[in-house]
Amino acid sequence: MPEAIAVDYDGLIPNNVGLNADPRLRRALESWHPGCLEWWKERGPEGFQSSLVYLRTAISVEPEGWAKFGYVRMPEYRWGILLAPPVADRRIPFGAHRGEPAWREVPGEYRAMLRRLITVQGDTEPASVEQQHALGRTAPSLYDLRNLFQVNVEEARHLWAMVYLLQKYFGRDGREEAEDLLRRRSGDRDSPRLLSAFNEATPDWLAFFMFTFFTDRDGKMQLHALAQSGFDPLSRTCRFMLLEEAHHMFIGQSGVGRIIERTCTAMRAAGIDDPHDIERVRALGVIDLPTIQKRANLHFSLTLDLFGSEISSNAASAFNAGIKGRYLEDQIDDDHLLVGATYPVLRLKGGHIVEEDSPALSALNMRLRDDYVADAASAVERWWNRTIARAGFAYRLTLPHVAFNRRIGEFAAIHADAQGNILSAEEWQRRRREFLPSAADDAFVAGLMRPVTEPGAFASWIAPPAAGIDNKPGDFEYVKLDG
Ligand code: BYC
C-alpha cells in the first residue's frame, strides 16, 4: 500500500507526495511554475492581483480541518499538490482487472488512454479561469468577488493536480502536455480549449452562477468517475479535488437562488403577480424568472455536450481497462464488468426520439449523464423552486429535454424544443428565442452588471447570502481592494 505522507508546507510547492525525495520531479514542476504564474497574470482574474483576498487554502488532507482561511494576494496563493489518503489494500473496483491491486504506476497498455483523460481533465481547469477572467470588474458584492476568486485559485490548483500526474507518470510526453495546458486558450480560434463548453463566453454574473451550477456539476460527476480509477494516484487526486468542487457548486446553487429570491421579493413588494410580466419586473432592477429559465436552458444543454456521445467505444474501453468508472461505482450492486448487460439509451430512430436498450459498456456516457441530470434536477428543486414557491408564485424552473440545443451526440443533427418535440430548421429559427436568451435579454442582464464594492452592500438584483464565508459577519471586507 502507498505510504501516507504528511503535508510538507515549507517548500515552494506544498505537497503530500514526497516532492523533496524526488528531485527530478521537483525540478520539472519548479520549471513549469513560472509559466503557470505568467499564464495566471495574463489570463487569470483581470485586476485585483495585488488585492488582499480572504481565501481558503488547502493545508491538510484530513476531512476535518483540511483548509485554512486568511488574506492572500492571489499570485502568492499556495497551489499545493495534495492527494487524498491512501486506502489500505485498495483493489481495482471494475472492468477486466477487477479485484487486482490498484496500480501505483501507469499500466503500459493503457498509457495513451490515461494520458488523454488526464489532459482533458487538466484542460478544463485553466479554461474556466480564462472564461471568468473579466468578471471581477462587475462583482455584485465583495462576498461574491471573493467567491469568484476562490473558485479561480482552486481551479488553478486542480490544474496543478493534473500537471503533477502528467509530469510524474508520463515522462517527456507528460511535460509536453503540461506546457500545452498553458498554451491553449478558451475561445481561441487557432488554439482553443479541448472541450466545447470551455470555449464559450461567461459574460456576466448570471452566466458565472449558471456555469458553477451546471458545468462544475459535470466536474463533480467526471471527478467521481475518475476517483474510481484503478490508477491509484488519479483516484486519490480526484478524491481530494471533490472536496473543493462542492463549494463551487454551492456558489452556483446559492448564487442563482439569491437572484431568484431578490426577484421574488421585489415582485411581491411591487404587487406583480405574473412572472411573465417581464417589462414591469425588469423595471424593478431585478432579473425576471423567464430570463433565468432561458439561461438555465443554455447552460444545461452546453454542459450535456461534455458527456460525449451516448454510445461511446472510448467510454467502454476506459471502463473495461479499469481507468474510468461510473458515478459511485463502489456503491452499485452488480458485477462491475457489464459484459452482456444493457442500459436504456435515448436514440434518434426514424425521426423520433425513442428509448432503446443498448450494451451497457457502450452506454456509460449516457449513464453518467443520467446521473448528472438527476443530481441537477434535485438541486433545481431544492435551491431554486423552493424559493419561488415560498414567495407564493405559480412558476417552476425546469431542465429542458436532453435533445434540446445539442451539438454532440445523438441529437446534434436535429432541433428540438425544450420539451423534446422535434422541430424543423425553420421552426427552430423562428422559435429559438422562446427557449434561449435573445440579444435583448443578454443586453438587459449586461446592463445590471455594475460593481458594488462597499462591504456588506449588494447589487439591486441579488439578495445577500444566508451566512458569511467562515462565519464572517455581513459587512466583512472579503477583498481589500487597495491591497
Ligand atoms: N467537445 O466517444 P466520445 C470540470 C470528443 S468538467 C469537444 O463521444 P468520450 C470542470 C472526444 O474527446 C469535467 N470534443 O466521448 C468544470 C473524442 O475525441 P478523440 C472535465 C468532444 O471520449 C468546471 C471524440 O469526441 N473532465 O472538471 O467517451 C470548471 C469522441 O468522443 C466533446 C472530463 O471530462 C466535447 N464536448 O467522452 C472547471 C473527464 N465530447 O479522443 C472544471 C475526462 C466528446 O477521439 N474526459 N468529444 O480525439 C472524458 O472522460 C472524456 O474525454 C469525455 C468525452 C467525457 C469528455
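All values below come from the heavy atoms of this structure, side chains included, with hydrogens, waters and symmetry mates left out. Indexing begins at 1, ligand by ligand and atom by atom, following the structure's order.
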K.L.:
Near ligand 1, which residues have a heavy atom under 4.0 Å away from one of its atoms?
P.N.:
Arg116, Leu117, Val120, Gln121, Thr124, Glu125, Ser128, Glu155, Leu194, Leu195, Ser196, Phe198, Phe211, Thr215, Asp216, Asp218, Gly219, Gln222, Asp305, Leu306, Gly308, Ser309, Ser312, Asn314, Ala315, Lys324, Asn365, Ile408
K.L.:
Would Arg258 and Asp144 count as a salt bridge (Lys or Arg N to Asp or Glu O under 4.0 Å) if you check the C-alpha gap in whole Å, the side-chain angles of each, and the deciding distance to 0.1 Å?
P.N.:
CA-CA 11 Å; Arg258 288 161 52 215; Asp144 292 292; 2.8 Å; yes
K.L.:
When you check the side-chain N and O atoms of Asp370 and Tyr343, is any donor under 3.5 Å from an acceptor?
P.N.:
yes
K.L.:
Could you measure the distance from the OH atom of Tyr77 to the CD atom of Glu154? Nearest 0.5 Å is fine.
P.N.:
5.0 Å
K.L.:
Would you mind telling me which of Gln222, Gln228, Lys220 makes a side-chain contact (heavy atoms from CB on, under 4.5 Å) with His224?
P.N.:
Lys220
K.L.:
Should we say atom CD of Glu356 is surrounded by more than 12 heavy atoms from elsewhere, each under 6.0 Å from it?
P.N.:
yes
K.L.:
Side-chain donor-acceptor pair under 3.5 Å between Ser229 and Ser235, yes or no?
P.N.:
no
